[in-house]
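Just below is one structure, and these are the notes that go with it.
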Amino acid sequence: MNRTDLLAWLTCGNEDELEILWQRADQVRQRYVGSDVHLRGLIEISNICSRVCGYCGINAANTALERYRMQSDEILECAREAYGYGYGSIVIQAGEDPGITKEWMSSLIRNIKEETGLAITLSLGERSGDELHAWKEAGADRYLLRFETSNRRLYDLIHPSLPGIVSDRIELLRRLRDMGYEIGSGIMIGIPGQTYDDLADDIEMFRSLDLDMIGVGPYIPHQATPLGASGAVHTVAECHQVPNTEAMTYKVVALTRLVCPLANIPSTTALATLNTASGREKGLNRGANILMPNMTPRKYRALYEIYPAKVCIDETAAECRSCMSHRILSIGRSIGQGRGDSPNRTRVA
Ligand code: 5AD
Ligand code: FES
């Protein structure tokens with residue numbers, strides 16, 4: 001798939017032609033990663049964040065939001081529940097919370113590993129090399145860090161660097177790989193100011209980073225953010241602006257599968273937010289092979305509002321588990337057993 005092909009698909013509006021793209025992505029998914037859908041229990045352990053990302057509802061400037069950080073034993077209890085459900089891994093996600101210290105997190109990782117043996121994925125933002133090393137040492141297996149957009153100018157506008165530290169997520173991803181983590185990244189689709197060319201660059205960046213996991217979802221404006229309130233920080237001609245739609249998201253999922261056939265690709269919550277009825281299934285039928293059932297205790301769920309109208313706010317972990325299982329079986333797929341390591345990683349290991 002060269003750049004011309006990528007751009008042609010990204011701008012294609014013909015339903016019949018797109019049907020060919022969906023089928024190709026589905027076939028490649030079946031050939032390279034099979035029919036298993038792996039479940040990752042998502043635990044959103046803290047909504048405290050020291051950054052002021054223009055797009056994100058839990059950014060530090062949103063003073064109206066009540067903040068929480070889960071206790072170690074609460075998190076451990078969620079991990080036990082995930083293990084009990086037969087999930088092979090958990091994703092521990094939070095804002096860039098300085099209260100999540102190197103020592104506290106290391107000991108939590110050790111406890112979870114010792115008790116459950118689950119594969120542990122961290123998604124804790126841009127942390128220091130020292131912390132990331134320590135957490136790997138403690139037993140973490142994977143790290144998720146979306147680069148959001150490969151357009152550096154747009155990235156800087158929506159993702160202000162901390163004083164004195166330039167944010168370079170691409171570089172950090174390379175370091176994470178060198179440390180031995182399975183690495184995951186991804187983007188938001190339809191950021192104001194994002195062009196089709198940018199999207200083609202993003203997908204080519206997935207390939208060149210040799211990512212093990214790739215998560216993409218639509219950008220969903222949040223009123224309590226600078227970008228959501230202003231509408232745009234950077235505008236491009238309408239014909240170049242990528243729409244933040246469901247259809248656009250499927251295209252990126254499908255193309256990502258074609259370009260990175262061995263990667264683990266989730267059908268994301270943001271996608272399900274645009275189409276609660278069948279977004280997840282469509283994602284799975286157009287290239288994805290992972291679902292991330294929410295395991296955050298119910299009392300915290302609504303507070304982890306990175307974007308509005310997120311799905312699964314009122315459900316329990318048990319409800320999400322059964323919902324996900326039904327959805328997987330309803331489309332003739334199977335529920336993956338075990339850790340579900342990225343075939344991309346096991347290939348090179
Ligand atoms: N709309 C969609 N996705 C968002 N994220 C953050 N804010 C939004 C939003 N408003 C995504 C980012 C981040 C991930 C955890 O959630 O891609 O990396
Ligand atoms: Fe949570 Fe369907 S996955 S309700």
Side-chain angles (χ1 to χ4, degrees), residues 37 39-47 49 51-59 62 65 85 87 91-96 121-126 143-150 155 158-159 167 169 172-173 184-192 194 202 213-231 244-246 248-249 252 266-281 283-284 290-296 298 301 304-328 330:
V37 177
L39 295 169
R40 321 289 197 208
L42 174 65
I43 316 173
E44 296 150 333
I45 67 168
S46 162
N47 71 349
C49 192
R51 316 241 4 174
V52 286
C53 301
Y55 47 89
C56 183
I58 67 169
N59 83 81
N62 182 2
L65 183 68
Y85 290 161
Y87 298 167
V91 177
I92 297 181
Q93 190 177 86
E96 266 174 48
T121 302
L122 303 179
S123 177
L124 302 172
E126 296 162 51
Y143 206 94
L144 295 180
L145 185 69
R146 289 190 180 177
F147 59 77
E148 316 294 0
T149 170
S150 56
Y155 180 76
I158 62 172
H159 189 89
S167 165
R169 291 187 167 190
L172 195 48
L173 283 161
S185 192
I187 56 160
M188 290 181 292
I189 296 157
I191 306 165
Q194 186 184 44
D202 294 340
M213 306 172 282
I214 305 165
V216 303
Y219 162 67
I220 304 175
H222 189 308
Q223 281 310 309
T225 61
L227 190 56
S230 72
N244 59 340
T245 57
E246 193 188 342
M248 208 53 227
T249 307
V252 179
S267 186
T268 56
T269 311
L271 173 58
T273 299
L274 294 195
N275 178 352
T276 323
S278 62
R280 285 203 170 97
E281 290 84 334
L284 290 175
I290 302 286
L291 286 178
M292 294 169 62
N294 197 320
M295 307 226 40
T296 308
R298 234 168 96 181
R301 282 195 189 194
Y304 201 81
E305 195 190 47
I306 49 185
Y307 49 82
K310 227 173 115 192
V311 292
C312 304
I313 292 300
D314 297 320
E315 281 76 11
T316 61
E319 283 163 339
C320 289
R321 175 205 190 204
S322 105
C323 171
M324 294 277 185
S325 311
H326 282 113
R327 288 176 191 270
I328 294 169
S330 78

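Numbering starts at 1 and runs along the sequence shown. Numbering of ligands and ligand atoms starts at 1, following listing order.
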* Assess R321 for proximity to ligand 2: is some non-hydrogen atom of it under 4.0 Å away? =>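 Heavy atoms of R321 never come under 4.0 Å of ligand 2.
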* ligand 2 contacted by E319 (non-hydrogen, < 4.0 Å) ->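 Judged by the 4.0 Å heavy-atom criterion, E319 does not count as contacting ligand 2.
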Write out the residue and atom name of the closest protein heavy atom to [atom], then the distance separating them to 0.1 Å.
| atom | value |
| --- | --- |
| atom 10 (N) of ligand 1 | I220 O, 2.7 Å |
| atom 16 (O) of ligand 1 | I306 CD1, 3.5 Å |
| atom 6 (C) of ligand 1 | Y55 CD1, 3.6 Å |
| atom 5 (N) of ligand 1 | M188 SD, 3.7 Å |

* Asked: Does the side chain of R40 come within less than 4.5 Å of T121's, by heavy atoms?
  ->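 The answer is no; the side chains never approach within 4.5 Å.
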* **Ionic contact status for E305 with K310, cut-off 4.0 Å** =>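 So K310 does not pair with E305 through a salt bridge.
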* Would one find an N or O of Q93, backbone or side chain, under 3.5 Å from an N or O of ligand 1? ->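 Min N/O separation from ligand 1 is not below 3.5 Å for Q93.
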* Asked: Any N/O of G57 closer than 3.5 Å to an N/O of ligand 1?
  ->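 No, G57 has no N/O under 3.5 Å of an N/O on ligand 1.
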* Please verify whether a non-hydrogen atom of E148 lies at under 4.0 Å from ligand 1. =>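 Distance cut 4.0 Å: E148 passes for ligand 1.
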* To do: Compute the minimum heavy-atom distance from P218 to ligand 1 and say whether it is under 4.0 Å.
  =>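 The answer is yes: ligand 1 sits under 4.0 Å from a heavy atom of P218.
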* Which of the atoms of ligand 1 are close to R146, meaning less than 4.0 Å from one of its heavy atoms? ->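 Here the atoms of ligand 1 in question are 11 (C), 12 (C), 17 (O), 18 (O).
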* **atom 2 (Fe) of ligand 2 to nearest N/O/S of C320 less than 2.8 Å** =>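 Under 2.8 Å: C320 has no N, O or S contact with atom 2 (Fe) of ligand 2.
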* Dump the intermediate steps for side chain to side chain donor-acceptor pair (under 3.5 Å) on Y219 and Q194, then the final yes or no. => CA-CA 11 Å; Y219 162 67; Q194 186 184 44; over 6 Å; no
